Amino acid sequence: MLNLHLAQQGPIEAPAIDLPAVMPLVIVLGAACIGVLLEAFLPRQRRWISQVTLSLLAIVAAGVSLALYIPDAPEYGATTLSDTLAVDPPALFLWGTLLALSVPALLLIADRTVERGGAFVAEAGISPGTFQDKEQAATRSMQTEVFPLMLFALGGMMAFTAANDLLTMFVALEVLSLPLYLMCGLARRRRLLSQEAAVKYFLLGAFASAFFLYGLALLYGYAGSVRLSDISLAAAGTDRSDTLLFAGLGLLMVGLLFKASVGPFHAWTPDVYQGAPTPVTAFMAACTKVAAFGGMLRVLTVGFESTHWEWRGVMWAVAIVSMAIGAVLGLTQTDVKRMIAYSSIAHAGFLLVGAMALTDDGLSGTLFYLLTYGFTTLAAFGVISLVRDGGGEATHLSAWAGLAKRSPLLAAVFTFLLFALAGIPLTSGFVGKFVVFSAALSDGMAPLVVTGLVFSAVAAFFYLRVVVLMYFSKPAEDGPTVSVPGTFTTAAITLGVVVTLLLGIAPTFALDWAGAGGFSIMS
């Protein structure tokens with residue numbers, strides 16, 4: 001009967017694919033699959049160089065493909081793969097941002113100089129604290145599976161930011177999340193902390209995905225479709241009950257806010273940032289936030305712009321809570337990585353202010369903020385990986401006392417990055433906050449902007465506390481040492497610092513690109 005039915009329908013046509021538009025995504029995911037094969041068939045001693053070369057070539061090739069496509073891209077974007085992906089100006093900017101950020105992230109992951117043999121263990125199943133674990137910590141072998149995992153996560157992030165329907169967005173969410181869960185548990189040192197972080201991230205991430213999926217189901221029940229444009233049409237011109245619409249939106253936003261580390265959906269962030277290998281923390285802190293806010297901007301703008309008066313009040317409260325949690329609890333932290341984690345929660349609140357504007361300036365300002373925050377954070381975690389003692393990274397604040405006397409250059413670099421996170425002028429962080437708050441002010445959100453400025457001032461205190469500790473405290477006699485960075489780590493930190501400075505002095509090019517156009521509303 002099934003064959004007869006199919007015969008009556010005629011031949012099934014494959015969906016049209018705009019290959020030049022999706023080529024960057026195809027290259028990244030294709031390279032990830034090749035990386036899995038290399039891991040299976042190459043001898044261990046040849047895997048590192050092969051995986052690093054493949055990953056770098058894939059990112060560069062994807063970037064070149066993106067650069068070649070942009071001049072000929074349709075002004076209002078294009079949809080492809082049965083309209084499941086929308087390759088529009090914001091998606092192109094987000095793809096470029098993700099690819100650019102993945103280069104220093106990959107360099108930090110690939111470095112084998114700061115931590116002998118790299119930051120990743122060869123066998124994650126060995127029990128922490130045992131003889132085998134100590135023997136493994138001293139070996140020079142490296143867990144090279146992390147490279148295809150990173151490429152899969154990157155491909156998921158790119159698909160997530162371009163997803164034109166909620167089902168595609170959910171699949172992309174899982175593709176980007178599952179590799180990160182694994183990568184968090186592969187730290188060479190402090191294994192129990194790393195594995196605990198991975199389990200917490202996985203369990204809380206599973207709950208968030210369930211919320212997202214339940215919200216998707218409710219929205220399908222409301223609109224009869226999971227496509228964002230169809231949901232928008234149903235919300236704007238139907239007499240159906242709004243209960244399904246706003247219940248679905250609320251559950252959907254829980255999943256998105258969790259992935260973006262927005263308070264009060266932030267519970268995983270401090271523990272995972274602290275426990276994960278620092279290169280993985282850097283990759284998550286920069287790229288995952290770009291992907292999460294990119295998807296959130298698309299959902300709110302394309303699917304729910306017509307109902308913004310109903311949900312904006314709730315999002316105001318979420319933004320204020322996120323800024324308050326990040327700024328106030330950040331003051332109490334004694335670990336540098338946890339402090340940066342709470343900083344990311346505060347920055348998520350600032351980004352949410354721009355995302356709520358739903359104007360051209362709000363969109364371009366938020367995209368620019370994501371770019372600036374990503375490079376600054378990557379460089380900051382690169383610096384953190386260099387301050388070490390006998391147990392590995394010395395992340396307790398007391399270990400950073402008098403660091404300027406031990407390594408003036410490293411202290412100066414970290415001070416500059418902290419100033420950027422605080423939003424001091426002549427850094428990219430200042431320009432990012434300025435454009436986001438300006439867009440919100442123009443859209444009538446003056447009270448929220450004032451609240452953001454107050455919490456920015458509060459958050460600046462714990463950045464300046466570290467600066468004072470480095471320059472005006474006496475170093476401990478048995479204090480940590482500053483490792484000489486390898487070529488990869490040096491390049492990653494240098495790239496982050498240079499971009500942070502350039503975007504603070506001459507941000508015009510990035511702002512113009514971020515404002516090149518809006519989301520595609522085609523169905």
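The structure displayed is predicted, hence computed values, not measured ones.
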Legend entry - All salt bridge (Lys or Arg N to Asp or Glu O under 4.0 Å) counterparts of Arg406, not counting sequence neighbours: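 Expected list: none.
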
Inset, instruction - Could you pull out all residues at least two apart from Asp165 that satisfy salt bridge (Lys or Arg N to Asp or Glu O under 4.0 Å)? - result: none

Report the distance from atom [atom1] of [X] to atom [atom2] of [Y], rounding to the nearest 0.5 Å.
X	Y	atom1	atom2	answer
Ile340	Thr281	CD1	OG1	11.0 Å
Phe455	Ile325	CZ	CD1	10.0 Å
Leu216	Leu173	CG	CG	11.0 Å
Ser50	Phe41	OG	CZ	14.0 Å
Met23	Leu68	CE	CG	11.0 Å

Donor-acceptor contact below 3.5 Å, side chain [X] vs main chain [Y]:
X	Y	value
Thr332	Leu329	yes
Lys259	Ala292	no
His396	Val336	no
Ser177	Glu174	no
Gln274	Asp335	no
Thr113	Gly486	no
Ser473	Met470	no
Ser102	Leu98	yes

Which atom of [X] lies closest to which atom of [Y], heavy atoms considered:
X	Y	answer
Leu151	Ala32	CB-CB, 3.6 Å
Pro104	Ala492	O-CB, 3.6 Å
Thr161	Arg298	O-NE, 3.0 Å
Gly295	Phe160	CA-CE2, 3.8 Å
Val28	Ala62	CG2-CB, 3.9 Å
Gly382	Thr489	O-CG2, 4.3 Å

Taking the side chain as every heavy atom from C-beta outward, state whether [X] and [Y] have any atom pair closer than 4.5 Å.
X	Y	value
Met296	Leu257	yes
Tyr342	Gln333	yes
Met150	Ser55	no
Phe283	Leu180	yes
Asn164	Thr84	no
Thr427	Phe416	yes
Leu418	Val467	yes
Ile384	Phe414	yes

Legend entry - More than 12 heavy atoms from other groups under 6.0 Å of CZ on Phe207: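 For Phe207, atom CZ is not crowded (no more than 12 foreign heavy atoms under 6.0 Å).
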
Legend entry - Trp513 and its ring-ring contact (aromatic ring centres under 6.0 Å, His included) partner, picked from Phe93, Phe368, Trp95: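 Result for ring-ring contact (aromatic ring centres under 6.0 Å, His included) with Trp513: Phe93.
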
Legend entry - Side-chain H-bond candidate by donor/acceptor type, Thr278 with Ser385, under 3.5 Å: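 Checked: Thr278/Ser385 side chains show no N/O donor-acceptor pair below 3.5 Å.
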
Legend entry - Side-chain H-bond candidate by donor/acceptor type, Tyr463 with Ser343, under 3.5 Å: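 Checked: Tyr463/Ser343 side chains pair up, N/O donor to acceptor below 3.5 Å.
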
Inset, instruction - Would you check, one step at a time, whether the test side-chain contact (heavy atoms from CB on, under 4.5 Å) holds for Tyr373 with Ser344? - result: CA-CA 9 Å; Tyr373 176 80; Ser344 78; 3.0 Å; yes

Inset, instruction - Verify side-chain contact (heavy atoms from CB on, under 4.5 Å) between Val262 and Ile345, making sure each step is shown before the conclusion. - result: CA-CA 6 Å; Val262 179; Ile345 297 166; over 6 Å; no

Inset, instruction - Determine, using ring centers only, whether Tyr181 and Phe202 are less than 6.0 Å apart. - result: yes

Inset, instruction - Quick one: sort the Phe381 and Tyr273 rings into parallel, tilted or perpendicular, breaks at 30° and 60°. - result: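 Taking Tyr273 first and then Phe381, their aromatic rings stand perpendicular (interplane angle over 60°).
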
